[in-house]
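This structure is a prediction, so every number in the text was calculated from the model and none was measured. Computed over heavy atoms, backbone and side chain alike; hydrogens, waters and symmetry mates excluded.
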Amino acid sequence: MTAWDALNYVLLAAGLVMLVLGYRRSNRNQLLCAGLLLLAFNGVEDFAAGFADGYAGSDARVI
């Protein structure tokens with residue numbers, strides 16, 4: 001299991017917990033937080049892979 005897998009599981013668990021708590025307490029802010037966490041869960045690995053590929057393929061240099 002890689003660090004990205006662990007991060008995905010943490011984001012998924014946090015999103016589901018916030019979803020349940022926000023629904024039970026009828027709290028819109030917690031539901032919004034749950035939605036953002038679940039959105040991050042879906043895209044963090046692809047974003048990191050794309051960023052790493054772009055960084056490795058760039059020919060930028062330090063000024």
Side-chain angles (χ1 to χ4, degrees):
M1 182 159 95
T2 65
W4 293 117
D5 292 335
L7 180 62
N8 274 337
Y9 290 132
V10 167
L11 287 173
L12 176 63
L16 292 176
V17 166
M18 291 299 288
L19 185 66
V20 169
L21 290 176
Y23 181 75
R24 287 187 179 252
R25 295 180 183 173
S26 297
N27 190 339
R28 287 183 182 174
N29 288 336
Q30 284 182 336
L31 289 171
L32 175 65
C33 182
L36 292 175
L37 285 170
L38 291 173
L39 181 69
F41 156 73
N42 283 329
V44 71
E45 190 172 358
D46 293 332
F47 173 78
F51 183 82
D53 289 344
Y55 187 77
S58 72
D59 56 351
R61 54 189 165 86
V62 178
I63 296 177

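- Residue pairs meeting the side-chain hydrogen bond (donor to acceptor under 3.5 Å, both in side chains) criterion with at least one partner in residues 33-42, sequence neighbours excluded, do not occur; the list is empty.
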When the side chains of residues 52-60 are checked against the rest of the protein, which donor-acceptor pairs come out under 3.5 Å, sequence neighbours left out?
residue	atom	partner	partner atom	Å
Ser58	OG	Tyr55	O	3.1

Side-chain donor-acceptor pairs under 3.5 Å in residues 6-23, sequence neighbours left out?
residue	atom	partner	partner atom	Å
Asn8	ND2	Glu45	OE1	3.2

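- The hydrophobic cluster around Leu32 extends to Leu36, counting ILVMFWY residues whose side-chain heavy atoms fall within less than 4.5 Å of a member.
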